[in-house]
Amino acid sequence: MAQLGSVRVRFAPSPTGELHIGGARTALFNYLFARANKGTFILRIDDTDLERSRDDYTEALLEAMRWLGLDWDEGPYYQSRHLEDYRSEANRLLEEGKAYRCFCTPEELAEGREQARKAGKPYLYPGTCRELPPEKIEARLQEGHSHVLRLRIPVGGETVVDDLIRSQVRFSNRDLDDFIIIKSNGSPTYNFASVVDDEALKITDVIRAEEHLSNTPRQQICLEALGYKKPRYAHVPMILAPDRSKLSKRHGATSVEEFRSDGYLPEALINYMALLGWSPGEEEIIPLSKMITLFSLERVNKTAAIYDTTKLTWMNGQYLRMITRERLAAEALPFYEDAGLLQTPLEGEAAEYYQRVAAAVHDRVRTLAEMAAASTYFYRQVDSYDDKGVKKHFRKEGSAALLRRAADTLRTLEPFALDTIEAAYRSLSEELGVSTGRLIHPTRLAISGRTMGPGLFEIIVLLGRETTVERLEKAALWIEQEQG
RNA sequence: GGCCCCUUCGUCUAAUCGGUGAGGACACCAGCCUUUCAAGCUGGCAGCAGGGGUUCAAAUCCCCUAGGGGUCACCA
(Lines give C-alpha, C1' and ligand atoms only; values in the text may rest on other atoms or scores of the structure.)
Protein backbone atom coordinates (compact mmCIF):
# COMPACT_ATOMS: atom_id res chain seq x y z
CA MET A 1 0.00 0.00 0.00
CA ALA A 2 2.82 2.35 0.81
CA GLN A 3 4.14 1.27 -2.54
CA LEU A 4 2.88 4.06 -4.76
CA GLY A 5 3.36 7.26 -2.84
CA SER A 6 6.64 6.07 -1.50
CA VAL A 7 7.61 7.65 1.76
CA ARG A 8 10.04 10.57 1.88
CA VAL A 9 11.08 12.03 5.21
CA ARG A 10 13.69 14.51 6.25
CA PHE A 11 15.72 15.42 9.28
CA ALA A 12 16.29 19.15 9.15
CA PRO A 13 18.53 20.44 11.92
CA SER A 14 19.80 23.98 12.09
CA PRO A 15 23.56 24.21 12.49
CA THR A 16 23.51 26.49 15.52
CA GLY A 17 24.90 24.07 18.05
CA GLU A 18 25.88 20.49 18.61
CA LEU A 19 23.49 17.67 17.83
CA HIS A 20 21.88 16.84 21.14
CA ILE A 21 20.09 13.72 22.19
CA GLY A 22 16.65 15.15 21.35
CA GLY A 23 17.60 16.06 17.82
CA ALA A 24 19.42 12.79 17.38
CA ARG A 25 16.34 10.84 18.39
CA THR A 26 14.21 12.80 15.95
CA ALA A 27 16.73 11.87 13.29
CA LEU A 28 16.55 8.26 14.40
CA PHE A 29 12.76 8.13 14.23
CA ASN A 30 12.86 9.62 10.75
CA TYR A 31 15.48 7.09 9.77
CA LEU A 32 13.55 4.16 11.22
CA PHE A 33 10.33 5.28 9.62
CA ALA A 34 12.01 5.61 6.24
CA ARG A 35 13.70 2.22 6.47
CA ALA A 36 10.61 0.49 7.85
CA ASN A 37 8.62 1.80 4.89
CA LYS A 38 11.32 1.38 2.29
CA GLY A 39 11.26 5.12 1.85
CA THR A 40 13.86 7.83 1.47
CA PHE A 41 15.64 9.51 4.36
CA ILE A 42 16.77 13.02 3.52
CA LEU A 43 19.13 15.29 5.39
CA ARG A 44 18.59 19.00 5.10
CA ILE A 45 20.50 21.73 6.83
CA ASP A 46 18.19 24.54 7.87
CA ASP A 47 20.67 27.37 7.83
CA THR A 48 18.54 30.34 6.95
CA ASP A 49 19.65 32.12 10.07
CA LEU A 50 22.85 33.56 8.69
CA GLU A 51 23.83 35.03 12.02
CA ARG A 52 23.77 31.90 14.10
CA SER A 53 24.56 29.18 11.59
CA ARG A 54 28.14 28.00 11.53
CA ASP A 55 30.02 25.74 9.16
CA ASP A 56 31.83 23.91 11.92
CA TYR A 57 28.50 22.99 13.47
CA THR A 58 27.34 21.65 10.14
CA GLU A 59 30.44 19.53 9.84
CA ALA A 60 30.04 18.25 13.40
CA LEU A 61 26.41 17.45 12.67
CA LEU A 62 27.29 15.35 9.66
CA GLU A 63 30.00 13.62 11.62
CA ALA A 64 27.61 12.83 14.47
CA MET A 65 25.09 11.39 12.00
CA ARG A 66 27.74 9.24 10.40
CA TRP A 67 29.02 8.06 13.75
CA LEU A 68 25.52 7.05 14.80
CA GLY A 69 25.17 5.15 11.56
CA LEU A 70 22.14 7.14 10.44
CA ASP A 71 23.05 7.14 6.79
CA TRP A 72 20.91 9.36 4.66
CA ASP A 73 19.80 8.73 1.09
CA GLU A 74 19.69 12.31 -0.16
CA GLY A 75 21.39 15.51 0.78
CA PRO A 76 22.60 17.24 2.69
CA TYR A 77 20.60 20.03 1.14
CA TYR A 78 21.31 23.54 2.32
CA GLN A 79 18.53 26.08 2.62
CA SER A 80 21.00 28.92 2.27
CA ARG A 81 21.54 27.86 -1.34
CA HIS A 82 17.89 28.23 -2.24
CA LEU A 83 17.27 31.77 -1.19
CA GLU A 84 16.01 32.66 -4.66
CA ASP A 85 13.35 29.96 -4.56
CA TYR A 86 11.89 31.30 -1.35
CA ARG A 87 11.85 34.79 -2.74
CA SER A 88 10.05 33.79 -5.92
CA GLU A 89 7.50 31.75 -4.01
CA ALA A 90 6.95 34.67 -1.67
CA ASN A 91 6.53 37.00 -4.62
CA ARG A 92 3.91 34.69 -6.01
CA LEU A 93 1.98 35.06 -2.78
CA LEU A 94 2.48 38.81 -2.93
CA GLU A 95 1.09 39.01 -6.44
CA GLU A 96 -1.84 36.87 -5.53
CA GLY A 97 -2.56 39.10 -2.57
CA LYS A 98 -1.95 36.28 -0.11
CA ALA A 99 1.01 38.08 1.35
CA TYR A 100 1.72 41.77 1.81
CA ARG A 101 4.51 44.20 2.48
CA CYS A 102 4.88 45.41 6.02
CA PHE A 103 6.89 48.53 6.80
CA CYS A 104 6.61 48.41 10.56
CA THR A 105 9.99 48.79 12.19
CA PRO A 106 11.31 46.28 14.74
CA GLU A 107 11.10 49.08 17.29
CA GLU A 108 7.43 49.67 16.64
CA LEU A 109 6.72 45.98 16.92
CA ALA A 110 8.71 45.67 20.10
CA GLU A 111 6.75 48.49 21.60
CA GLY A 112 3.48 46.85 20.71
CA ARG A 113 4.64 43.68 22.37
CA GLU A 114 5.74 45.59 25.43
CA GLN A 115 2.36 47.26 25.77
CA ALA A 116 0.55 43.98 25.38
CA ARG A 117 2.76 42.47 28.03
CA LYS A 118 2.05 45.34 30.43
CA ALA A 119 -1.66 45.02 29.83
CA GLY A 120 -1.36 41.29 30.41
CA LYS A 121 -2.74 40.56 27.00
CA PRO A 122 -1.46 38.23 24.31
CA TYR A 123 0.34 40.03 21.53
CA LEU A 124 -0.63 39.55 17.94
CA TYR A 125 0.54 41.65 15.04
CA PRO A 126 -2.26 44.24 14.74
CA GLY A 127 -2.29 44.18 10.93
CA THR A 128 -1.09 47.75 10.58
CA CYS A 129 0.11 47.22 7.03
CA ARG A 130 -2.43 44.60 6.05
CA GLU A 131 -4.62 46.93 4.06
CA LEU A 132 -2.11 49.57 2.97
CA PRO A 133 -3.30 51.24 -0.24
CA PRO A 134 -1.06 50.67 -3.29
CA GLU A 135 -0.01 54.29 -3.59
CA LYS A 136 1.18 54.36 0.00
CA ILE A 137 3.17 51.20 -0.56
CA GLU A 138 4.66 52.73 -3.65
CA ALA A 139 5.57 55.88 -1.76
CA ARG A 140 7.26 53.97 1.09
CA LEU A 141 9.17 51.93 -1.44
CA GLN A 142 10.28 55.11 -3.21
CA GLU A 143 11.48 56.53 0.08
CA GLY A 144 13.59 53.47 0.50
CA HIS A 145 11.92 52.07 3.62
CA SER A 146 12.88 48.50 4.33
CA HIS A 147 10.09 46.02 4.67
CA VAL A 148 9.21 42.41 5.34
CA LEU A 149 6.62 40.14 3.77
CA ARG A 150 3.80 38.83 5.91
CA LEU A 151 1.34 36.08 5.19
CA ARG A 152 -2.33 36.97 5.28
CA ILE A 153 -4.03 34.67 7.79
CA PRO A 154 -7.74 34.02 7.22
CA VAL A 155 -9.79 36.05 9.69
CA GLY A 156 -12.08 33.37 10.99
CA GLY A 157 -12.34 29.65 11.18
CA GLU A 158 -9.91 27.15 12.49
CA THR A 159 -6.96 25.15 11.30
CA VAL A 160 -6.86 21.49 12.15
CA VAL A 161 -3.59 19.63 12.31
CA ASP A 162 -3.96 15.94 11.68
CA ASP A 163 -1.17 14.39 13.66
CA LEU A 164 -0.20 10.74 13.39
CA ILE A 165 0.66 10.60 17.07
CA ARG A 166 -1.83 13.01 18.59
CA SER A 167 -4.71 12.72 16.10
CA GLN A 168 -6.55 16.00 15.48
CA VAL A 169 -5.35 19.19 17.10
CA ARG A 170 -7.47 22.27 16.50
CA PHE A 171 -6.32 25.84 16.43
CA SER A 172 -8.52 28.87 16.12
CA ASN A 173 -7.24 31.21 13.40
CA ARG A 174 -8.15 34.07 15.70
CA ASP A 175 -5.07 33.22 17.78
CA LEU A 176 -2.76 33.39 14.81
CA ASP A 177 -1.34 36.59 13.36
CA ASP A 178 0.08 37.54 10.00
CA PHE A 179 3.56 36.21 10.53
CA ILE A 180 6.65 37.18 8.61
CA ILE A 181 7.71 34.94 5.75
CA ILE A 182 10.53 37.05 4.31
CA LYS A 183 12.75 39.15 6.53
CA SER A 184 13.87 42.63 5.56
CA ASN A 185 17.24 41.22 4.52
CA GLY A 186 15.47 39.05 2.01
CA SER A 187 15.96 35.71 3.71
CA PRO A 188 13.01 33.52 4.58
CA THR A 189 11.85 32.69 8.09
CA TYR A 190 11.81 29.13 9.25
CA ASN A 191 8.07 28.55 8.93
CA PHE A 192 8.17 29.64 5.33
CA ALA A 193 11.43 28.08 4.19
CA SER A 194 10.47 24.81 5.76
CA VAL A 195 7.18 24.66 3.87
CA VAL A 196 8.76 25.56 0.55
CA ASP A 197 11.53 23.04 0.97
CA ASP A 198 9.28 20.23 2.09
CA GLU A 199 7.33 20.74 -1.10
CA ALA A 200 10.46 20.94 -3.23
CA LEU A 201 11.75 17.72 -1.72
CA LYS A 202 8.33 16.06 -1.98
CA ILE A 203 8.31 15.23 1.70
CA THR A 204 5.40 12.94 2.53
CA ASP A 205 5.77 12.74 6.31
CA VAL A 206 7.04 15.46 8.56
CA ILE A 207 8.36 13.82 11.71
CA ARG A 208 9.73 16.34 14.17
CA ALA A 209 9.77 17.35 17.81
CA GLU A 210 6.65 18.44 19.60
CA GLU A 211 7.93 21.96 19.99
CA HIS A 212 6.88 22.46 16.38
CA LEU A 213 3.27 21.51 16.92
CA SER A 214 2.22 25.04 17.73
CA ASN A 215 3.83 26.28 14.55
CA THR A 216 2.13 23.75 12.36
CA PRO A 217 -1.13 25.65 11.78
CA ARG A 218 0.89 28.58 10.43
CA GLN A 219 2.71 26.25 8.10
CA GLN A 220 -0.49 24.64 6.96
CA ILE A 221 -2.07 27.97 6.13
CA CYS A 222 1.10 28.86 4.33
CA LEU A 223 1.22 25.74 2.21
CA GLU A 224 -2.46 26.03 1.42
CA ALA A 225 -1.84 29.55 0.17
CA LEU A 226 0.96 28.23 -1.98
CA GLY A 227 -1.22 25.45 -3.30
CA TYR A 228 0.96 22.65 -2.03
CA LYS A 229 -0.05 19.17 -1.05
CA LYS A 230 -0.13 18.78 2.69
CA PRO A 231 2.26 16.22 4.17
CA ARG A 232 1.35 13.97 7.07
CA TYR A 233 2.59 15.20 10.42
CA ALA A 234 3.93 13.35 13.41
CA HIS A 235 5.09 15.32 16.42
CA VAL A 236 7.22 13.19 18.66
CA PRO A 237 7.44 13.96 22.37
CA MET A 238 10.30 16.01 23.68
CA ILE A 239 13.24 14.72 25.63
CA LEU A 240 13.64 16.64 28.85
CA ALA A 241 16.59 17.12 31.15
CA PRO A 242 16.53 15.35 34.53
CA ASP A 243 15.01 18.46 36.10
CA ARG A 244 12.13 18.31 33.60
CA SER A 245 13.28 21.41 31.79
CA LYS A 246 14.20 21.72 28.18
CA LEU A 247 17.58 20.29 27.32
CA SER A 248 20.44 22.75 27.36
CA LYS A 249 24.17 23.03 27.80
CA ARG A 250 24.05 23.25 31.54
CA HIS A 251 22.70 19.73 31.85
CA GLY A 252 26.03 18.03 31.33
CA ALA A 253 26.41 15.50 28.59
CA THR A 254 23.58 16.01 26.16
CA SER A 255 25.25 16.13 22.79
CA VAL A 256 26.08 13.12 20.70
CA GLU A 257 29.67 14.26 20.58
CA GLU A 258 29.88 14.26 24.37
CA PHE A 259 28.43 10.79 24.66
CA ARG A 260 30.98 9.67 22.16
CA SER A 261 33.88 11.14 24.04
CA ASP A 262 32.53 9.77 27.30
CA GLY A 263 32.99 6.31 25.87
CA TYR A 264 29.57 5.26 24.68
CA LEU A 265 29.09 3.05 21.65
CA PRO A 266 26.87 4.40 18.88
CA GLU A 267 24.64 1.33 18.87
CA ALA A 268 24.05 1.67 22.60
CA LEU A 269 23.11 5.31 22.23
CA ILE A 270 20.82 4.46 19.33
CA ASN A 271 19.16 1.68 21.29
CA TYR A 272 18.72 3.89 24.31
CA MET A 273 17.28 6.80 22.33
CA ALA A 274 14.87 4.55 20.49
CA LEU A 275 13.37 3.43 23.76
CA LEU A 276 12.77 7.01 24.80
CA GLY A 277 9.24 7.42 23.53
CA TRP A 278 8.98 4.22 21.58
CA SER A 279 8.56 0.68 22.72
CA PRO A 280 8.13 -2.53 20.78
CA GLY A 281 6.97 -4.47 23.84
CA GLU A 282 9.14 -6.14 26.41
CA GLU A 283 12.47 -6.26 24.64
CA GLU A 284 15.16 -3.84 25.70
CA ILE A 285 18.27 -4.70 23.75
CA ILE A 286 17.30 -4.25 20.14
CA PRO A 287 19.83 -3.93 17.33
CA LEU A 288 19.11 -1.33 14.67
CA SER A 289 18.21 -3.93 12.06
CA LYS A 290 15.57 -5.35 14.35
CA MET A 291 14.28 -1.91 15.21
CA ILE A 292 13.60 -1.27 11.58
CA THR A 293 11.35 -4.29 11.33
CA LEU A 294 9.50 -3.37 14.51
CA PHE A 295 9.19 0.39 14.15
CA SER A 296 5.91 2.17 13.69
CA LEU A 297 4.74 5.64 14.63
CA GLU A 298 1.67 4.11 16.25
CA ARG A 299 3.91 2.79 18.98
CA VAL A 300 5.47 6.15 19.69
CA ASN A 301 3.93 7.58 22.82
CA LYS A 302 2.82 11.12 23.58
CA THR A 303 4.65 11.70 26.82
CA ALA A 304 7.83 13.69 27.13
CA ALA A 305 10.67 11.56 28.44
CA ILE A 306 13.39 12.46 30.86
CA TYR A 307 16.70 11.04 29.80
CA ASP A 308 18.72 9.21 32.37
CA THR A 309 22.28 8.18 31.74
CA THR A 310 22.11 5.33 34.24
CA LYS A 311 20.17 3.12 31.92
CA LEU A 312 22.22 4.20 28.96
CA THR A 313 25.35 3.22 30.85
CA TRP A 314 23.93 -0.20 31.65
CA MET A 315 22.99 -0.64 28.03
CA ASN A 316 26.43 0.41 26.91
CA GLY A 317 27.88 -2.30 29.13
CA GLN A 318 25.64 -4.83 27.43
CA TYR A 319 26.86 -3.77 24.01
CA LEU A 320 30.45 -3.66 25.16
CA ARG A 321 30.20 -7.34 26.01
CA MET A 322 28.56 -8.18 22.72
CA ILE A 323 31.02 -6.71 20.26
CA THR A 324 34.06 -8.57 18.97
CA ARG A 325 37.45 -8.24 20.58
CA GLU A 326 38.84 -6.61 17.49
CA ARG A 327 36.14 -3.98 17.37
CA LEU A 328 36.41 -3.40 21.10
CA ALA A 329 40.15 -2.89 20.93
CA ALA A 330 39.78 -0.49 18.05
CA GLU A 331 37.04 1.54 19.73
CA ALA A 332 38.84 1.75 23.04
CA LEU A 333 42.24 2.68 21.65
CA PRO A 334 41.68 6.46 21.54
CA PHE A 335 40.63 6.37 25.17
CA TYR A 336 43.86 4.68 26.17
CA GLU A 337 45.78 7.23 24.22
CA ASP A 338 43.86 10.13 25.77
CA ALA A 339 44.54 8.69 29.20
CA GLY A 340 48.22 8.81 28.33
CA LEU A 341 48.65 5.06 28.67
CA LEU A 342 50.03 4.47 25.23
CA GLN A 343 50.81 6.08 21.93
CA THR A 344 49.49 5.13 18.55
CA PRO A 345 50.29 3.64 16.16
CA LEU A 346 50.68 0.43 18.04
CA GLU A 347 52.94 -2.22 16.61
CA GLY A 348 54.19 -5.71 17.31
CA GLU A 349 54.34 -6.69 20.94
CA ALA A 350 52.76 -3.46 22.13
CA ALA A 351 49.77 -4.10 19.91
CA GLU A 352 49.39 -7.64 21.14
CA TYR A 353 49.78 -6.59 24.76
CA TYR A 354 47.12 -3.95 24.28
CA GLN A 355 44.69 -6.47 22.80
CA ARG A 356 45.16 -8.74 25.76
CA VAL A 357 44.74 -5.94 28.28
CA ALA A 358 41.58 -4.79 26.57
CA ALA A 359 40.18 -8.30 26.55
CA ALA A 360 41.01 -8.80 30.22
CA VAL A 361 39.40 -5.61 31.36
CA HIS A 362 36.34 -5.19 29.15
CA ASP A 363 34.01 -7.52 31.03
CA ARG A 364 33.82 -5.33 34.07
CA VAL A 365 33.33 -1.85 32.66
CA ARG A 366 30.43 -0.02 31.13
CA THR A 367 32.10 2.61 29.01
CA LEU A 368 35.26 2.83 26.95
CA ALA A 369 36.50 5.58 29.22
CA GLU A 370 36.06 3.33 32.24
CA MET A 371 37.97 0.69 30.38
CA ALA A 372 41.05 2.84 30.05
CA ALA A 373 40.73 3.93 33.66
CA ALA A 374 40.61 0.30 34.74
CA SER A 375 43.81 -0.48 32.85
CA THR A 376 46.31 1.97 34.26
CA TYR A 377 48.40 -0.53 36.21
CA PHE A 378 49.08 -2.50 33.06
CA TYR A 379 50.94 0.50 31.75
CA ARG A 380 52.15 2.38 34.77
CA GLN A 381 53.74 1.59 38.07
CA VAL A 382 51.51 1.16 41.06
CA ASP A 383 52.00 4.35 43.01
CA SER A 384 49.31 3.97 45.63
CA TYR A 385 47.26 1.26 47.25
CA ASP A 386 43.53 1.34 47.80
CA ASP A 387 42.90 2.48 51.39
CA LYS A 388 40.27 -0.07 52.26
CA GLY A 389 42.38 -2.76 50.67
CA VAL A 390 45.38 -1.79 52.77
CA LYS A 391 43.29 -2.06 55.89
CA LYS A 392 41.88 -5.41 54.91
CA HIS A 393 44.80 -7.16 53.28
CA PHE A 394 48.08 -5.43 54.15
CA ARG A 395 47.69 -4.59 57.82
CA LYS A 396 47.09 -8.17 58.84
CA GLU A 397 49.88 -9.90 60.67
CA GLY A 398 52.32 -11.54 58.31
CA SER A 399 51.17 -9.94 55.08
CA ALA A 400 54.61 -8.79 54.07
CA ALA A 401 56.04 -12.25 54.61
CA LEU A 402 53.24 -13.74 52.57
CA LEU A 403 54.03 -11.47 49.66
CA ARG A 404 57.72 -12.35 49.81
CA ARG A 405 56.92 -16.04 49.75
CA ALA A 406 54.68 -15.48 46.74
CA ALA A 407 57.44 -13.55 45.03
CA ASP A 408 59.94 -16.30 45.73
CA THR A 409 57.60 -18.89 44.31
CA LEU A 410 56.93 -16.96 41.13
CA ARG A 411 60.59 -16.11 40.59
CA THR A 412 61.51 -19.65 39.76
CA LEU A 413 58.21 -21.03 38.55
CA GLU A 414 58.43 -22.92 35.24
CA PRO A 415 56.63 -22.60 33.01
CA PHE A 416 55.19 -19.20 33.89
CA ALA A 417 51.60 -19.65 32.75
CA LEU A 418 48.03 -19.22 33.90
CA ASP A 419 47.48 -22.75 35.18
CA THR A 420 50.90 -23.21 36.70
CA ILE A 421 50.65 -19.92 38.55
CA GLU A 422 47.28 -20.83 39.93
CA ALA A 423 48.54 -24.28 40.98
CA ALA A 424 51.55 -22.68 42.62
CA TYR A 425 49.36 -20.28 44.56
CA ARG A 426 47.09 -23.06 45.74
CA SER A 427 49.88 -25.24 46.93
CA LEU A 428 51.68 -22.33 48.56
CA SER A 429 48.61 -21.39 50.55
CA GLU A 430 48.24 -24.98 51.62
CA GLU A 431 51.86 -25.11 52.64
CA LEU A 432 51.49 -21.93 54.67
CA GLY A 433 48.24 -23.06 56.17
CA VAL A 434 46.23 -20.06 54.97
CA SER A 435 43.24 -19.75 52.70
CA THR A 436 43.90 -19.06 49.05
CA GLY A 437 42.09 -15.78 49.45
CA ARG A 438 44.55 -14.72 52.13
CA LEU A 439 47.22 -14.97 49.48
CA ILE A 440 45.27 -13.73 46.52
CA HIS A 441 43.90 -10.49 47.96
CA PRO A 442 47.19 -8.95 49.10
CA THR A 443 48.75 -10.03 45.83
CA ARG A 444 46.11 -8.25 43.83
CA LEU A 445 46.54 -5.11 45.87
CA ALA A 446 50.30 -5.31 45.54
CA ILE A 447 50.41 -5.68 41.80
CA SER A 448 47.46 -3.50 40.81
CA GLY A 449 46.96 -1.17 43.75
CA ARG A 450 43.31 -2.16 43.69
CA THR A 451 40.94 -4.62 45.26
CA MET A 452 39.05 -5.38 42.11
CA GLY A 453 39.75 -6.26 38.54
CA PRO A 454 40.26 -9.22 36.23
CA GLY A 455 41.13 -12.65 37.55
CA LEU A 456 44.36 -12.41 39.52
CA PHE A 457 46.27 -15.04 37.58
CA GLU A 458 45.28 -13.39 34.36
CA ILE A 459 46.80 -10.15 35.60
CA ILE A 460 49.99 -11.90 36.64
CA VAL A 461 50.42 -13.53 33.25
CA LEU A 462 49.88 -10.22 31.52
CA LEU A 463 52.22 -8.29 33.75
CA GLY A 464 54.89 -10.96 33.42
CA ARG A 465 57.22 -12.51 35.91
CA GLU A 466 59.57 -9.62 36.35
CA THR A 467 57.01 -6.90 37.00
CA THR A 468 54.94 -9.10 39.24
CA VAL A 469 57.82 -10.11 41.45
CA GLU A 470 59.05 -6.56 41.58
CA ARG A 471 55.68 -5.22 42.69
CA LEU A 472 55.25 -7.94 45.26
CA GLU A 473 58.54 -7.07 46.88
CA LYS A 474 57.92 -3.40 46.69
CA ALA A 475 54.61 -3.92 48.48
CA ALA A 476 56.24 -6.07 51.13
CA LEU A 477 58.75 -3.32 51.74
CA TRP A 478 56.02 -0.73 51.87
CA ILE A 479 54.13 -2.72 54.49
CA GLU A 480 57.20 -3.16 56.65
CA GLN A 481 58.04 0.52 56.49
CA GLU A 482 54.52 1.51 57.28
CA GLN A 483 54.53 -0.68 60.31
CA GLY A 484 57.68 1.05 61.39
C1' G B 1 -0.69 35.61 30.35
C1' G B 2 -3.36 33.47 25.47
C1' C B 3 -3.22 29.02 22.73
C1' C B 4 -1.60 23.85 22.29
C1' C B 5 0.24 19.11 24.15
C1' C B 6 1.00 15.76 28.15
C1' U B 7 0.21 12.98 33.24
C1' U B 8 1.16 4.45 34.94
C1' C B 9 6.86 2.48 40.08
C1' G B 10 12.67 7.35 41.36
C1' U B 11 13.64 6.85 35.61
C1' C B 12 12.26 4.50 30.57
C1' U B 13 7.89 1.92 29.49
C1' A B 14 3.63 -2.44 28.69
C1' A B 15 -1.38 -3.30 29.52
C1' U B 16 -5.61 -5.17 21.43
C1' C B 17 -12.50 -2.68 21.15
C1' G B 18 -13.35 -0.94 29.59
C1' G B 19 -12.96 -6.96 33.13
C1' U B 20 -5.02 -7.81 34.72
C1' G B 21 -2.94 -10.12 41.59
C1' A B 22 -1.35 -3.33 36.84
C1' G B 23 3.70 -6.61 33.37
C1' G B 24 8.96 -5.60 31.85
C1' A B 25 13.77 -2.78 32.02
C1' C B 26 17.31 0.49 34.68
C1' A B 27 18.44 1.96 39.61
C1' C B 28 18.13 0.22 44.71
C1' C B 29 18.04 -3.93 48.52
C1' A B 30 18.83 -9.27 49.71
C1' G B 31 20.58 -14.13 48.37
C1' C B 32 23.23 -17.55 45.07
C1' C B 33 27.73 -18.05 42.20
C1' U B 34 32.84 -16.57 43.00
C1' U B 35 40.11 -15.33 44.30
C1' U B 36 38.06 -9.56 44.03
C1' C B 37 34.93 -6.51 41.07
C1' A B 38 31.66 -7.05 37.36
C1' A B 39 28.52 -10.29 34.64
C1' G B 40 24.81 -13.99 35.35
C1' C B 41 20.73 -16.26 38.16
C1' U B 42 16.78 -15.91 42.09
C1' G B 43 13.82 -12.94 45.11
C1' G B 44 12.27 -8.10 47.11
C1' C B 45 10.94 -2.73 47.26
C1' A B 46 8.10 0.56 44.33
C1' G B 47 3.24 3.28 40.28
C1' C B 48 -2.42 4.31 37.57
C1' A B 49 -1.59 13.11 39.83
C1' G B 50 -6.39 14.52 42.61
C1' G B 51 -11.73 14.92 42.44
C1' G B 52 -16.29 14.03 40.21
C1' G B 53 -19.25 11.33 36.82
C1' U B 54 -20.80 7.12 32.89
C1' U B 55 -20.95 1.65 33.67
C1' C B 56 -22.56 -4.60 36.53
C1' A B 57 -17.24 -3.31 35.76
C1' A B 58 -12.60 2.39 34.55
C1' A B 59 -5.35 2.98 34.39
C1' U B 60 -8.50 2.70 30.00
C1' C B 61 -14.56 6.84 28.28
C1' C B 62 -16.41 12.15 29.80
C1' C B 63 -15.85 16.68 32.91
C1' C B 64 -13.21 19.66 36.46
C1' U B 65 -8.80 20.79 39.25
C1' A B 66 -3.64 20.52 39.87
C1' G B 67 1.17 19.83 37.90
C1' G B 68 4.72 19.57 33.84
C1' G B 69 6.13 20.85 28.89
C1' G B 70 5.76 23.57 24.28
C1' U B 71 4.64 27.93 21.54
C1' C B 72 3.40 32.95 20.86
C1' A B 73 10.83 36.51 17.21
C1' C B 74 12.81 40.06 11.03
C1' C B 75 15.53 31.90 15.87
C1' A B 76 15.15 27.29 13.93
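The model shown is predicted, which means the values in this text are computed figures rather than measured ones. Every chain is numbered from 1, with letters handed out A, B, ... down the list of sequences.
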Just checking [X]: base, sugar-phosphate only, or nothing, at a heavy-atom cut-off of under 4.0 Å?
X	value
A/Glu211	sugar-phosphate
A/Thr189	sugar-phosphate
A/Phe179	nothing
A/Arg321	sugar-phosphate
A/Asp47	nothing
A/Ser435	nothing
A/Ser214	base
A/Arg244	sugar-phosphate
A/Gly455	base
A/Arg299	sugar-phosphate
A/Leu275	sugar-phosphate
A/Glu158	nothing
A/Arg117	nothing
A/His235	nothing

Fill in the blank from the handout: The residue, A/Gly453 or A/Thr303, whose nearest nucleotide of RNA chain B is more 5′ is A/Thr303
Fill in the blank from the handout: Between A/Gly281 and A/Pro13, the residue closer to the 5' end of RNA chain B by nearest nucleotide is A/Gly281
In whole angstrom, give me the gap between the [atom1] atoms of [N] and [M].
N	M	atom1	value
B/A46	B/A30	C1'	16 Å
B/G44	B/G19	C1'	29 Å
B/G47	B/U11	C1'	12 Å
B/G69	B/C33	P	49 Å
B/G1	B/G40	P	48 Å
B/A49	B/C6	C1'	12 Å
B/G23	B/U60	C1'	16 Å
B/G10	B/C4	C1'	29 Å

Handout entry: Bounds of contact between RNA chain B and chain A, in 5' to 3' order, using a heavy-atom cut-off under 4.0 Å
Key = B/G1 to B/A76
Exercise for the section: Please step through ring pair (Phe, Tyr, Trp, His ring centres under 6.0 Å) for the pair A/Trp72 and A/Phe11, ending with a clear verdict. Expected result: CA-CA 9 Å; A/Trp72 54 94; A/Phe11 174 55; 9.8 Å; no
Practice task
Output the residues of residues 356-367 of chain A in contact with RNA chain B, where contact means a heavy atom of the residue under 4.0 Å from an atom of the strand; sort by number or write none.
Solution key: A/Asp363, A/Arg364
Exercise for the section: Would you check if there is a donor-acceptor pair between the side chains of A/Thr367 and A/Asn316 at a distance under 3.5 Å? Expected result: no
Problem - Parallel, tilted or perpendicular, as decided by the 30° and 60° cut-offs, for the rings of A/Phe29 and A/Phe295 - result: tilted
Practice task
Determine the interplanar angle of the A/His145 and A/Phe103 rings, folded into 0 to 90°, and report it as parallel if under 30°, tilted if 30 to 60°, perpendicular if over 60°.
Solution key: perpendicular
Who is the Watson-Crick or G-U wobble partner of [N], with both distances under 3.5 Å?
N	answer
B/C61	B/G53
B/C26	B/G10
B/G2	B/U71
B/C17	none

Practice task
For A/Ala12, enumerate each residue passing the side-chain contact (heavy atoms from CB on, under 4.5 Å) test, keeping only those at least two apart in sequence or located in another chain.
Solution key: A/Arg10, A/Arg44, A/Asp46
Exercise for the section: Please list all pairs passing the ring-ring contact (aromatic ring centres under 6.0 Å, His included) test where one or both residues lie in residues 425-462 of chain A, with sequence neighbours left out. Expected result: A/His393-A/His441, A/Tyr425-A/Phe457
Exercise for the section: Flag the pair A/Glu143 and A/Arg140 as a salt bridge only when some basic side-chain nitrogen lies within less than 4.0 angstrom of an acidic carboxylate oxygen. Expected result: no
Residues that [X] engages under ring pair (Phe, Tyr, Trp, His ring centres under 6.0 Å), provided they are two or more places apart:
X	result
A/Phe179	none
A/Phe335	none
A/Tyr264	A/Phe259
A/His362	none

Practice task
Determine which pairs satisfy side-chain hydrogen bond (donor to acceptor under 3.5 Å, both in side chains) with at least one residue from residues 164-173 of chain A, sequence neighbours left out, and list them in order.
Solution key: A/Glu158-A/Arg170, A/Thr159-A/Asn173, A/Gln168-A/Arg170
